[in-house]
Amino acid sequence: MTKIRTRYAPSPTGKMHVGNLRSALYEFLVAKHDGGDFMLRIEDTDQERYVEGATEIIYRTLEKTGLIHDEGPDKDGGYGPYVQSERMQTGIYMKYAKELVEKGEAYYCFCDKERLASLKTEIVEGKEIMIYDKHCLSLSKEEVDANLAKGKPFVIRQNIPNEGTTTFHDELYGDITVENAELDDMILIKSDGYPTYNFANVVDDHTMNITHVVRGNEYLSSSPKYVRLYDAFGWEVPVYIHLPLITDENHKKLSKRSGHSSFEDLIEQGFVTEAIVNYVALLGWSPEDNCEIFTLDELIKNFDYRRISKSPAVFDIVKLRWMNSEYLKAMDFNVFYEMAEPYLKQALTKDFDLKKIAAMVKTRIEVFPDIAEHVDFFEALPEYDIAMYTHKKMKTDAASSLEVLKDVLPILEAQEDYSNDGLYQALVKYVEEKGCKNGYVMWPIRTAVSGKQMTPAGATEIMEVLGKEESLSRIRKGIALLENA
Ligand code: GLU
């Protein structure tokens with residue numbers, strides 16, 4: 001069996017969106033699942049769409065996500081160059097385009113803008129498409145040569161007959177047959193000499209020995225034209241795997257405008273790389289046992305492209321947040337702390353033991369920016385409603401809380417050891433003397449020291465972080481509030 005070779009072939013046109021990341025990941029997994037090679041090819045022939053810095057984003061993202069390529073512009077594997085503009089310099093596209101012209105599978109077209117503008121158009125998939133009328137196909141060899149000698153601008157078009165059908169195979173969609181009359185004579189070489197994506201992908205995938213092509217299903221409708229090119233050259237067609245559309249929650253195509261769709265945006269929003277990769281793997285693929293949490297190595301082991309679904313995948317930020325929280329819970333504490341620290345420092349300017357606070361929030365947040373709302377009360381006691389002292393299950397109300405707070409104030413004033421354990425023992429002693437439940441005492445204290453209904457830790461842990469002076473001041477404030485009510 002030949003070794004599987006896949007390629008991620010991004011166009012450097014901006015950020016790396018979730019859809020791009022999924023293509024890269026699936027290409028990587030298809031290769032690695034079978035011990036194959038994963039290659040990076042930069043498709044920069046569309047000069048108008050080129051965005052400065054986009055190539056760096058691609059390298060950065062692949063490295064960070066662990067989708068390490070075996071070959072690429074920075075790692076020669078004998079199939080270079082790996083950047084299409086550099087491949088063009090070698091004359092490869094023109095050479096193969098001319099070969100097609102020789103074979104009658106392509107032809108020179110000298111039609112100018114005005115003539116093209118006068119041609120009929122058709123609406124295909126919502127877009128207005130010009131149908132070229134094969135005008136230049138009838139030029140004689142002499143006429144073509146004369147035009148070329150004069151330096152007349154030209155493009156080279158694929159020659160697709162008006163009769164018959166073309167069939168190609170996709171691993172997920174099966175055999176697809178289209179009427180040739182529906183296929184346009186697409187441009188292979190543009191007037192600037194650059195190949196179109198449509199031509200370059202075929203020449204490159206063949207000459208770079210690619211066995212499996214994994215890409216978005218927006219390329220499905222052009223695939224018959226690619227297959228005709230392979231056939232015209234007498235080349236073996238690669239295995240095609242076209243991936244389902246990714247939509248947003250409203251089942252609309254995921255757009256660049258919905259801010260959460262690029263990898264770097266997601267990192268900025270506080271998601272961790274492993275969770276993003278894990279989540280993206282499930283955008284169209286699911287394992288047999290419906291397990292959801294996978295490391296990259298586990299994905300390599302379990303990924304079977306035959307289980308990719310044809311139905312659109314919904315990018316669900318709520319689900320991604322859940323998955324992220326699972327990764328945070330499982331994360332080594334020191335790694336977590338390093339990532340959480342900037343968020344803690346932004347929320348808390350006073351001299352707190354941030355490690356203790358990090359340990360409190362680790363299992364409670366979904367993404368790092370959630371930290372602020374969980375810890376803000378440490379920085380400053382919020383205004384709160386004394387109704388919070390009333391808790392049915394704890395059997396507390398304003399009057400019982402006032403009594404408890406007044407009782408524990410002298411105990412906490414006398415207490416020297418403000419560790420969680422020390423405070424707990426002192427308060428439990430009071431609980432025992434009083435013969436009540438823990439919550440009856442702890443609830444009012446926690447309310448007084450936090451001013452919040454929900455806190456990431458209990459009363460004594462909070463007081464340990466706040467320290468004696470601040471804890472006492474908050475308890476006194478609670479007493480005053482309750483007394484004035
Ligand atoms: N350059 C194309 C893109 O970025 C590649 C498509 C393909 O994988 O063939 O969409």
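Counting convention: from 1, in listed order, for ligands and their atoms alike. One-based numbering along the sequence shown. Note: hydrogens, waters and symmetry copies are ignored here, and every other heavy atom, side chains too, is used. Everything numeric in this text was worked out from a predicted model, so none of it was measured.
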Shortest protein heavy-atom distance from [atom], along with the residue and atom involved:
{"atom": "atom 8 (O) of ligand 1", "answer": "Arg7 NH1, 2.9 Å"}
{"atom": "atom 5 (C) of ligand 1", "answer": "Ala9 O, 3.1 Å"}
{"atom": "atom 9 (O) of ligand 1", "answer": "Tyr197 OH, 2.4 Å"}

Exercise for the section: Anything under 30° is parallel, anything over 60° is perpendicular, the rest tilted; go ahead and classify Tyr59 against His69. Expected result: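 Because their plane-to-plane angle lies in the 30° to 60° range, the rings of Tyr59 and His69 count as tilted.
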Problem - Sub-4.0 Å heavy-atom approach of Glu218 to ligand 1 - result: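 The answer is no, since Glu218 has no heavy atom less than 4.0 Å from ligand 1.
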Problem - ligand 1 contacted by Tyr219 (non-hydrogen, < 4.0 Å) - result: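 Contact check Tyr219 vs ligand 1: positive.
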Problem - Side chains of Val144 and Tyr107 in contact at under 4.5 Å (non-hydrogen atoms) - result: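 Of all side-chain heavy-atom pairs linking Tyr107 with Val144, none is under 4.5 Å.
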Practice task
For Ile293 and Glu298, work out which heavy atoms get closest and say how close.
Solution key: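 In this case the closest contact between Ile293 and Glu298 is O-OE1, 3.9 Å.
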Problem - Electrostatic pair Arg321:Asp370 at N-O distance under 4.0 angstrom - result: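 Counted as a salt bridge, because a side-chain N and a carboxylate O are separated by less than 4.0 Å.
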Exercise for the section: Could you list which atoms of ligand 1 come closer than 4.0 Å to a heavy atom of Glu43? Expected result: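 Taking each heavy atom of Glu43 in turn, ligand 1 has 1 (N), 2 (C), 5 (C) under 4.0 Å.
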Exercise for the section: With Arg41 as the cation and Tyr79 as the aromatic partner, state whether NZ or CZ is under 6.0 Å from the six-membered ring centre and within 45° of the axis. Expected result: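 Not flagged: Arg41 not positioned over aromatic ring of Tyr79.
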